[in-house]
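Step one of this worksheet: look at the structure below.
Hydrogens, waters and symmetry mates play no part in the numbers below; they use all other heavy atoms, side chains included. Along the sequence shown, residues carry numbers from 1.
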Amino acid sequence: MEYLQNKSSTIKINGTMSKEIFVAFATQKGGIGKSTVTALAASYLHNVKGYNVAVVDCDDPQHSIHGLREHEMGLIDSSTYFKALACDHFRRIKKNAYTIVKSNAVNALDDAERMIATEDVKPDVVFFDMPGTLRSNGVIKTLSQMDYIFTPLSADRFVVESTLKFVTMFRDRLMTTGQAKTKGLHLFWTMVDGRERNDLYGIYEEVIAEMGFPVLSTRLPDSKKFRRDLSEERKSVFRSTIFPMDTALLKGSGIREFSEEISDIIRPQ
């Protein structure tokens with residue numbers, strides 16, 4: 001389908017970085033749902049808020065977001081129902097599915113600029129899904145060119161300590177020295193278990209506030225709906241690179257509030 005085709009080019013892009021807002025969900029701790037949050041936020045901003053979005057999937061070798069797009073395209077190509085659903089969706093929002101570029105941390109910036117140069121409709125926001133470790137080649141260089149970085153936290157002492165080491169290093173060594181162009185570095189809670197003590201988060205946030213880092217007010221729950229992809233067995237979908245989230249599933253997920261909060265921070269034009 002023409003709506004789902006990603007453009008590619010071998011054009012070498014020179015000069016300064018583009019004016020599009022570059023945003024990364026990044027951490028040095030894997031398994032915390034970073035790719036899922038990237039896909040959900042991109043979907044909400046593109047399909048609901050009306051911004052033009054692109055995603056650079058540089059989480060090599062998993063490439064979860066790019067893999068999800070390929071899975072969805074396969075279902076649409078093989079199903080009359082999903083094909084009609086997709087056409088109806090695109091007619092309603094009057095634009096294509098957002099572009100996904102398969103890349104890695106070393107080539108992410110060049111691939112993003114190449115994509116921007118060849119897109120007929122320029123993205124307002126480019127999300128970068130980064131590898132889950134800072135040891136991967138190119139990660140720090142790519143992160144230094146982000147306008148905003150959002151870092152997930154879970155209420156686990158090891159995760160909190162690891163995350164705070166990462167954001168402190170990035171702020172003190174790169175942001176304050178001018179080596180990074182990053183305007184904002186924000187933390188957010190994810191995989192929140194409703195049975196956990198609320199005061200535990202308050203205790204952590206007091207420490208984080210003393211260190212000078214802002215924390216988003218929205219806390220994302222640990223919910224199975226976050227893994228509800230497009231499937232032949234069910235018609236409702238939550239995590240998708242093409243379709244908007246099912247309204248019933250969106251309720252209580254925190255994704256609407258989370259994405260609105262991010263939008264207010266980055267303020268796409």
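Counting heavy atoms from C-beta outward, M115 and D111 have side chains that stay 4.5 Å or more apart. Contact check for I266 versus Y51: no side-chain heavy atoms found under the 4.5 Å cut-off. Considering only heavy atoms from C-beta on, F82 stays 4.5 Å or farther from D77 through its side chain. V237 has its side chain out of reach of L249: every pair of non-hydrogen atoms, C-beta onward, lies at least 4.5 Å apart. Here the side chains of K183 and Y148 are in contact, with some heavy-atom distance below 4.5 Å.
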key: Test log, rule side-chain contact (heavy atoms from CB on, under 4.5 Å), inputs R228 and R239   = CA-CA 6 Å; R228 191 172 181 128; R239 182 173 59 181; over 6 Å; no
request  = Assess whether ring pair (Phe, Tyr, Trp, His ring centres under 6.0 Å) is satisfied between F188 and F150, documenting all intermediate values.
outcome  = CA-CA 7 Å; F188 67 93; F150 295 91; 7.2 Å; no
inquiry  = Between F127 and V56, does the side-chain contact (heavy atoms from CB on, under 4.5 Å) criterion hold? Intermediate values first, please.
reply    = CA-CA 6 Å; F127 286 105; V56 179; over 6 Å; no
message = I'd like to know whether M245 forms a side-chain contact (heavy atoms from CB on, under 4.5 Å) with I255, so could you lay out the CA-CA distance, the side-chain angles of the two residues, the decisive distance to 0.1 Å, and finally the verdict.
response = CA-CA 10 Å; M245 288 156 275; I255 290 299; 3.7 Å; yes
task = Apply side-chain contact (heavy atoms from CB on, under 4.5 Å) to the pair L185 and F213, showing each step before the final yes or no.
result = CA-CA 7 Å; L185 179 56; F213 293 107; 4.1 Å; yes
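A salt bridge links E161 to R157: one of the charged nitrogens lies within less than 4.0 Å of a carboxylate oxygen.
Cation-pi geometry between R69 and Y98 is met: under 6.0 angstrom from the ring centre, within 45 degrees of the axis.
Between the side chain of T176 and the backbone N or O of D172 there is at least one donor-acceptor pair closer than 3.5 Å. Of the possible polar contacts, one joining the T177 side chain to the L174 backbone as a donor-acceptor pair under 3.5 Å is found. Proximity of a side-chain donor or acceptor of H186 to a complementary backbone N or O of L216 within less than 3.5 Å is not detected.
In the model, S43 has a side-chain atom that pairs as donor or acceptor with a side-chain atom of N47 under 3.5 Å. A side-chain donor from one of E72 and S240 sits under 3.5 Å from a side-chain acceptor of the other.
A chain of hydrophobic side-chain contacts below 4.5 Å, direct or via other Ile, Leu, Val, Met, Phe, Trp or Tyr residues, connects Y81 to F243.
Rounding to the nearest 0.5 Å places CG of L220 at 4.5 Å from OG1 of T190.
With sequence neighbours excluded, the residues that form a ring-ring contact (aromatic ring centres under 6.0 Å, His included) with F226 are F238.
Surrounding CZ of R92 are more than 12 heavy atoms belonging to other residues, nucleotides or ligands, all under 6.0 Å away.
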